[in-house]
Every structure is written in C-alpha cells, then in structure tokens.
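In what follows, a structure is listed as structure tokens, so that the remarks can point back to it.
Within every chain, numbering begins at 1; the chains are lettered A, B, ... in the order of the sequence lines, protein sequences first and strands thereafter. Computed from a predicted structure; not experimentally measured.
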Amino acid sequence: MRRDALVAGPLDVAPFLLGKLVVHGEMAARIVEVEAYHGELDPASHAYRGRTARNATMFGPAGLLYVYFSYGMHWCANVVCGEEGVACAVLLRALEPVAGTGEMAAARAAHRRASGPPPERDLCRGPANLTRALGIGKEHDGVDLLSPSSPVRLVDDGVPPPSGAALAQGPRIGISRATELEWRFWIAGNRYVS
DNA sequence: CTTTGGATCGTCT
DNA sequence: GACGATCCAAAGG
C-alpha cells in the first residue's frame, strides 16, 4: 500500500479500500464494506466540531488507524485519509475472513459466551464485530497501517477495487445527522456485507 | 422473520 | 447530564 493512494478525499478513498486486506498477526480479512466521514464538513463525523482529545488521530497523516469507543462497550476502526491536518476517515463496516478464522471465532466466542462462536459469515460483519474478531482496541489507536513494523497493517494483494456495477453505494448506518448522504460503499453481492 | 430493550461509559454540552 | 459511526438475546408473530 502506497501512502499517497490514501491522500485523497474520503469519497475516493472509501471505494478504493474495498478489496484491501487488514492484517493482524496470523489473521487477515478483506474489506467489503466501508463508510466515508468528512471531518469538518460532515455533521455525522466525530471531527465536525473540531479537534478534541478523542478524535486527534483523525487529524494525523493518511494511513493511521483511528479507533474509538462507542455505546459503552464497542470499538470501531477507521482508516485516516487525506492531507495531514484534515480530519477525513473511512470506517470499516464489514470484512471477509481470509486467514486465522479460528482465532477470530475464539475472540468472538469469548465475548458472546453462552451462544458460542458465530457462523463464519458473521465473524467480521459489523464495525464492532470486526474489531472484536481481529483483536483491535484502544491500544491500536494511532498506529501506522502502512508500516511493516505495526501490529495492524493494510495490505494490497492485487485484488482491484470494485467498479461499475460491482460497486454499491447507499446511506450510512446508525447515524442521526446527514442521513441523506450516500457515503456507504460495499462490494455488490458480497455475502459478508452487513 | 421482526421488534424490543438492555448493556455500559467516555466524551462533549 | 445526555447520548452515541452497536450488538445481542429474548419475546412476539
């Protein structure tokens, strides 16, 4: 992954990230669904009202991982994009498990307890589920996804982003403002989409 | 299948 | 003091 590929607006970077791999240890999963958040121009973004301690990572250089805590129990992961100082990010909403699925299932099962591990299709389905499966938490906020020495990395294995009819687009999920914007992107027909 | 309510806490107003 | 870029289990149809 070249960093300059991420130095662009979130509406360009979001579809570009579809098909890329997120790697953590022996685990790898392919991005199949994302949402774009455009910092200070976007009422639904954490950075809409400017820089705070929580959203500081969003203002960093492209390629950082922004992790935030939500609803008192969930972690969500974003890829920071755009120029440094501009708070753009792409939320990861669903991934297709590629490697290390046993470890992912164990991580999910540990949290779900009684109900056991979810079916493979649901391992990384949903923004909080995928961080749980991959073991991503607050300790990963601000790590450089493009550095070979980082625990969590973004890898391009040559699978091209979807284009034309293979690229689907619609409203973002779970927000209360700017709901008219169709800033969610996914791979059309992919069964791992949430 | 759909609907509903509970969990649970950091952050910003 | 309210609320959120959510998920899950239980209950109802």
*Give the other cluster members for Ile173(A), using side-chain heavy-atom distances under 4.5 Å between Ile, Leu, Val, Met, Phe, Trp and Tyr residues; answer none if it is isolated.*
none
_Other ILVMFWY residues reachable from Val23(A) by side-chain steps of under 4.5 Å_ =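 Besides Val23(A), the cluster holds Leu21(A), Val98(A), Val155(A).
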*For residues Cys81(A) and Ala89(A), report the shortest heavy-atom separation together with the two atoms involved.*
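Distance-wise, the nearest heavy atoms are SG-N, 4.1 Å.
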*Work out which heavy atom in Ala28(A) is nearest to a heavy atom in Met104(A); give both atom names and the distance.*
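So the minimum-distance heavy-atom pair works out to O-CE, 3.5 Å.
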Hey, does [X] reach any base, or is it just sugar-phosphate, or nothing, if we go heavy atoms under 4.0 Å?
| X | value |
| --- | --- |
| Asn129(A) | sugar-phosphate |
| Phe69(A) | sugar-phosphate |
| Arg112(A) | sugar-phosphate |

*How are the rings of His46(A) and Tyr66(A) set to each other: parallel, tilted or perpendicular (split at 30° and 60°)?*
perpendicular
So how far is it from [X] [atom1] to [Y] [atom2], rounded to the nearest 0.5 Å?
| X | Y | atom1 | atom2 | answer |
| --- | --- | --- | --- | --- |
| Met1(A) | Asp157(A) | CE | CG | 11.5 Å |
| Leu18(A) | Arg30(A) | CG | CZ | 11.5 Å |
| Met58(A) | Leu64(A) | CE | CG | 11.5 Å |
| Leu134(A) | His24(A) | CG | NE2 | 8.0 Å |
| Leu92(A) | Ile136(A) | CG | CD1 | 7.5 Å |

_Rounded interatomic separation in angstrom, taking CE from Met58(A) and P from dC12(B)_ =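 After rounding, the gap between these two atoms is 13 Å.
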*Taking CZ from Arg51(A) and P from dC12(B), how many angstroms apart are they, rounded to a whole number?*
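It works out to 12 Å between those atoms.
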*Enumerate the residues from residues 171-183 of chain A whose closest heavy atom to DNA chain C is under 4.0 Å, giving them by residue number; use none for an empty result.*
Ile173(A), Gly174(A), Ile175(A), Ser176(A)
*DNA chain C contacts among residues 59-66 of chain A, heavy-atom distance under 4.0 Å*: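 By residue number: none to list.
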*In the strands shown, is dT8(B) matched to any nucleotide by a Watson-Crick or G-U wobble pair with both distances under 3.5 Å, and which?*
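When the pairing criteria are applied, nothing turns out to pair with dT8(B), so the answer is none.
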*Sort out the partner of dA5(C) for me: Watson-Crick or G-U wobble, both distances under 3.5 Å, none otherwise.*
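WC or wobble partner does not exist here.
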*By a strict heavy-atom criterion of less than 4.0 Å, which residues belonging to residues 28-49 of chain A are in contact with DNA chain B?*
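Contacts with DNA chain B under 4.0 Å: Arg49(A).
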*Can you find a pair of side-chain heavy atoms, one from Asp144(A) and one from Ser150(A), that are under 4.5 Å apart?*
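Side chain of Asp144(A) against side chain of Ser150(A), heavy atoms only: contact under 4.5 Å found.
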_Reading DNA chain C from 5' to 3', where do the contacts with chain A start and stop? Cut-off is 4.0 Å to heavy atoms._
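Under 4.0 Å from chain A, the extent on DNA chain C is dG4(C) to dA9(C).
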*asked:* Measuring only the P atom in each nucleotide, how far is dG1(C) from dT8(B)? A whole number of Å is fine.
replied: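 Looking at atom P only, dG1(C) and dT8(B) are 22 Å apart.
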_Using the side chain to side chain contact (heavy atoms under 4.5 Å, CB included) definition, which of the options Asn190(A), Leu123(A), Ile31(A) pairs with Glu96(A)?_
Asn190(A)
*For Gln169(A), does the CD atom have more than 12 heavy-atom neighbours from other residues, nucleotides or ligands under 6.0 Å away?*
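Enclosed: over 12 neighbouring heavy atoms sit under 6.0 Å from CD of Gln169(A).
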